[in-house]
Asks: 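Just passing along the structure, written as structure tokens.
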Amino acid sequence: MECRICKNKGLEIFLSLGKSPLANNFLSKEQLENKEETYPLELAFCNNCKLVQLTCIVPPELMFKNYVYVSSTSTTFKIHFTKMSEDISNSFKLNDKSLVVDVGSNDGLLLKGVQKFGVKTIGVEPATNIAEIAQKEGIETINDFFSRKVVNGVIEKKGNADVVTACNVFAHIDDIDEVIGNVKLLLKENGIFVIEVQYFVDTIEKMTFDNVYHEHISYYTLTSLNFFFKKHGMDIFNVQRVDSHGGSLRVFVKKTGGKHEINEEVKKIMDYEKSIDIEDLETYKKFANKVYEVKEKLISYIQDIKNQGESIAGYGAPAKSTTLLNFCNIGKDFIDYVVDDNPLKIGLYTPGAHIPVVSSEYLDEKTPDYVLILAWNFTHEILEKTKKYANQGVKFIIPLPEPKIV
């Protein structure tokens, strides 16, 4: 295989999480009878452009045409995207003459916030079921992948965009060169491209390795993003570290020569990455060793609880839980059920581990001794929601960055 960004063929594999099913392919009861496809889940490092990437690429149609992740399910994300839409609208003085296009727009949560400023919006979302939800919410959405044909259609109908956004989708795209060509075509001369990507520095520092799954093809640092955008005649002019998904980067990009001045935060984060040897393969090998240690510790915790005859439920069925449960071989022998607030997942079974997903009311019917918080990025929100169970003596296991019981 060759590097997605620079086409270097000398990639170094440093972490293997075994074979895993697709993270969001939850199963119906009937599907449990069928053979479930699994794919290698391993990370490789490019010593040229410094990008971390998966070695196995699954066709996007298998992952995104019918999708069960909905942004609006979480209160945390509602707040996050509402604030982001306000920040972008105010910072770049958007108005009723402006156009914002969101790539991978999901249920239209970000665009809904932008519309409050009178801004024209359009979403591009490949998942048919999710695009329909957005349309019902009054968010004009093109149900397709972000192709040249789609871009030409938007320009013809709406004109060029002041802002193109791509939140938690940039890392999902294999042919990233084609996408950035489409973004440049869609943007006005002084238009801006805003992306949010999980930040691999946070993955290393906070041990959030369950963020590795097949939808996430690339794992970015600012160093690798800088290499990529410069190659395409674009410059990063601002960057912010944000909390979503256990730590992400919000990156603001302009066409080279565009009017926005480069913020000192860009150099500051680039310098920080250099100081922690983000360009050195050894950094990634050390991270991999820690991942294997955390796995052993978590399995030991779970087995001790079961050996004492106590019951465990899971809380949250995000994509990352598929990685954690399958990598650690934690299945229905250990976890009785998983509760989730997303109606698209309730009544289904988790990929690979085949644990039933139920609504949170089930905690009243069959209260466990322990709850494993699988959606650890919402730990605060979950602990607030479940105070009454804690008061009844239920204990909570937080798996990462280091397993602990609260």
Asks: Mind checking whether L348 and K29 have side chains closer than 4.5 Å, heavy atoms only?
Replies: no
Asks: Does NZ in K7 sit with more than 12 non-hydrogen atoms of other residues, nucleotides or ligands closer than 6.0 Å?
Replies: yes
Asks: Is a salt bridge present between R4 and D175, judged by a nitrogen-to-oxygen distance below 4.0 Å?
Replies: no
Asks: Give a yes or no on whether the ring-centroid distance for H260 and F237 is below 6.0 angstrom.
Replies: yes
Asks: Quick one: closest heavy-atom pair of C3 and C49, and the distance?
Replies: SG-SG, 3.4 Å
Asks: Do the side chains of K297 and K404 get nearer than 4.5 Å, heavy atoms only?
Replies: no
Asks: If you round to the nearest 0.5 Å, how far is CZ of F334 from SG of C328?
Replies: 10.5 Å
Asks: Please confirm whether H216 and Y213 have ring centers closer than 6.0 angstrom.
Replies: yes
Asks: Taking all non-hydrogen atoms of both residues, which atom of I217 and which atom of I173 are closest, and how far apart?
Replies: CD1-C, 3.9 Å
Asks: Do K254 and N190 pass the side chain to side chain contact (heavy atoms under 4.5 Å, CB included) test, and can you show the C-alpha distance, the side-chain angles, and the key distance before you say yes or no?
Replies: CA-CA 7 Å; K254 63 174 182 173; N190 282 312; over 6 Å; no
Asks: Can you spot which of K97, K188, K93 makes a salt bridge (charged side-chain N to carboxylate O under 4.0 Å, His left out) with D162?
Replies: K188
Asks: Would D341 and K385 count as a salt bridge (Lys or Arg N to Asp or Glu O under 4.0 Å) here? Give the steps.
Replies: CA-CA 12 Å; D341 296 325; K385 271 186 186 173; 2.5 Å; yes
Asks: Please give me the minimum heavy-atom distance between L400 and D210, naming the atom from each residue.
Replies: CD1-OD1, 3.3 Å
Asks: Apply side-chain hydrogen bond (donor to acceptor under 3.5 Å, both in side chains) to Q31 and H354, showing your working.
Replies: CA-CA 10 Å; Q31 288 173 312; H354 299 174; over 6 Å; no
Asks: Determine whether I142 and V154 make a side-chain contact, defined as any pair of heavy atoms from C-beta on separated by less than 4.5 Å.
Replies: yes
Asks: Would a distance-only check, ignoring hydrogens and angles, find a side-chain to backbone donor-acceptor pair under 3.5 Å from E273 to T223?
Replies: yes
Asks: Could you walk me through whether Y362 and Y337 satisfy the side chain to side chain contact (heavy atoms under 4.5 Å, CB included) test, starting with their C-alpha distance in whole Å, then the side-chain angles of each, then the deciding distance to 0.1 Å, before giving a yes or no?
Replies: CA-CA 9 Å; Y362 204 74; Y337 59 86; 3.5 Å; yes
Asks: Might you work through the side-chain hydrogen bond (donor to acceptor under 3.5 Å, both in side chains) test for N143 and T128, ending with a clear yes or no?
Replies: CA-CA 6 Å; N143 178 208; T128 304; 3.1 Å; yes
Asks: Would you compute the distance between atom OG of S20 and atom CD of E36 and round it to the nearest 0.5 angstrom?
Replies: 9.0 Å
Asks: Assess the residue pair Q198 and N168 against the criterion (side-chain hydrogen bond (donor to acceptor under 3.5 Å, both in side chains)); give the C-alpha distance rounded to whole Å, side-chain angles, the decisive distance to 0.1 Å, and a yes or no.
Replies: CA-CA 7 Å; Q198 285 176 18; N168 307 307; 5.3 Å; no
Asks: Determine whether D107 and K112 satisfy the following criterion, salt bridge (Lys or Arg N to Asp or Glu O under 4.0 Å), listing intermediate values before the conclusion.
Replies: CA-CA 9 Å; D107 63 352; K112 195 182 279 188; over 6 Å; no
Asks: Indicate yes or no for a side-chain donor-acceptor contact from S89 to the backbone of F117 under 3.5 Å, with no hydrogens or angles considered.
Replies: no
Asks: Is a side-chain donor-acceptor pair under 3.5 Å present for T221 with S224?
Replies: yes
Asks: Taking the ring centre of each residue, are Y220 and F227 less than 6.0 Å apart?
Replies: no
Asks: Could you walk me through whether N24 and E215 satisfy the side chain to side chain contact (heavy atoms under 4.5 Å, CB included) test, starting with their C-alpha distance in whole Å, then the side-chain angles of each, then the deciding distance to 0.1 Å, before giving a yes or no?
Replies: CA-CA 9 Å; N24 272 307; E215 287 173 25; 2.8 Å; yes
Asks: Please give me the minimum heavy-atom distance between K120 and K158, naming the atom from each residue.
Replies: NZ-O, 4.4 Å
Asks: When you compare the side chain of L225 with that of V197, does any pair of heavy atoms fall below 4.5 Å?
Replies: yes
Asks: What I want to check is whether the side chains of S311 and D369 have a donor and an acceptor closer together than 3.5 Å.
Replies: yes
Asks: For a quick test of reading the model, state the closest non-hydrogen atom pair linking E140 to K157 and the distance between them.
Replies: OE2-NZ, 2.8 Å
Asks: Could you pull out all residues at least two apart from K268 that satisfy side chain to side chain contact (heavy atoms under 4.5 Å, CB included)?
Replies: E265
Asks: Are Y284 and F45 close enough that their ring centers fall under 6.0 Å?
Replies: yes
Asks: In sequence, state the C-alpha distance, the side-chain angles, and the governing distance for D177 and K231, and then conclude on salt bridge (Lys or Arg N to Asp or Glu O under 4.0 Å).
Replies: CA-CA 10 Å; D177 291 326; K231 173 188 153 187; 3.2 Å; yes
Asks: From I312 CD1 over to L372 CG, what is the distance, rounded to the nearest 0.5 angstrom?
Replies: 7.0 Å
Asks: Apply side-chain hydrogen bond (donor to acceptor under 3.5 Å, both in side chains) to T121 and Q115, showing your working.
Replies: CA-CA 7 Å; T121 66; Q115 283 182 347; 3.0 Å; yes
Asks: Do V194 and V253 come within less than 4.5 Å of each other through their side chains, counting heavy atoms only?
Replies: no
Asks: Is the shortest heavy-atom distance from the side chain of Y315 to the side chain of L363 under 4.5 Å?
Replies: yes
Asks: Measure from NZ or CZ of K320 to the centre of the six-membered ring of W376 and say whether it is under 6.0 Å with the direction within 45° of the ring axis.
Replies: yes
Asks: List the residues meeting side chain to side chain contact (heavy atoms under 4.5 Å, CB included) with K395, not counting sequence neighbours, and say none if there are none.
Replies: Y370, I405
Asks: Looking only at the side chains, is there a donor atom on one of T55 and E42 sitting less than 3.5 Å from an acceptor on the other?
Replies: yes
Asks: For the residue pair T141 / E125, report whether a side-chain donor-acceptor contact shorter than 3.5 Å exists.
Replies: no
Asks: Can you see which heavy atom on A317 is nearest to which on V338, and at what distance?
Replies: CB-CG1, 4.0 Å
Asks: Between atom NZ of K259 and atom CD1 of I192, what is the distance when rounded to the nearest 0.5 Å?
Replies: 9.5 Å
Asks: Hey, is the main chain of N211 close enough, under 3.5 Å, to the side chain of T208 for a donor-acceptor pair?
Replies: no
Asks: Mind checking the OH-CG spacing from Y292 to L15? Nearest 0.5 Å is all I need.
Replies: 4.5 Å
Asks: Report, as yes or no, whether the 6.0 Å neighbourhood of atom CD on Q392 holds more than 12 heavy atoms from other residues, nucleotides or ligands.
Replies: yes
Asks: Can we call the ring centroids of F209 and F327 under 6.0 Å apart?
Replies: yes
Asks: So do the side chains of L186 and F146 get within less than 4.5 Å of each other, counting heavy atoms only?
Replies: yes
Asks: Kindly indicate, with the supporting measurements, whether the criterion salt bridge (Lys or Arg N to Asp or Glu O under 4.0 Å) is fulfilled by K388 and D364.
Replies: CA-CA 10 Å; K388 71 171 182 179; D364 287 326; 3.0 Å; yes
Asks: Please walk me through it: do F170 and V103 pass side chain to side chain contact (heavy atoms under 4.5 Å, CB included)?
Replies: CA-CA 9 Å; F170 202 65; V103 181; over 6 Å; no
Asks: Quick one: NZ on K50 to CG on N47, what's the gap to the nearest 0.5 Å?
Replies: 4.0 Å
Asks: Evaluate the side-chain proximity of F193 to F229: yes if any heavy-atom separation is below 4.5 Å, no if none is.
Replies: yes
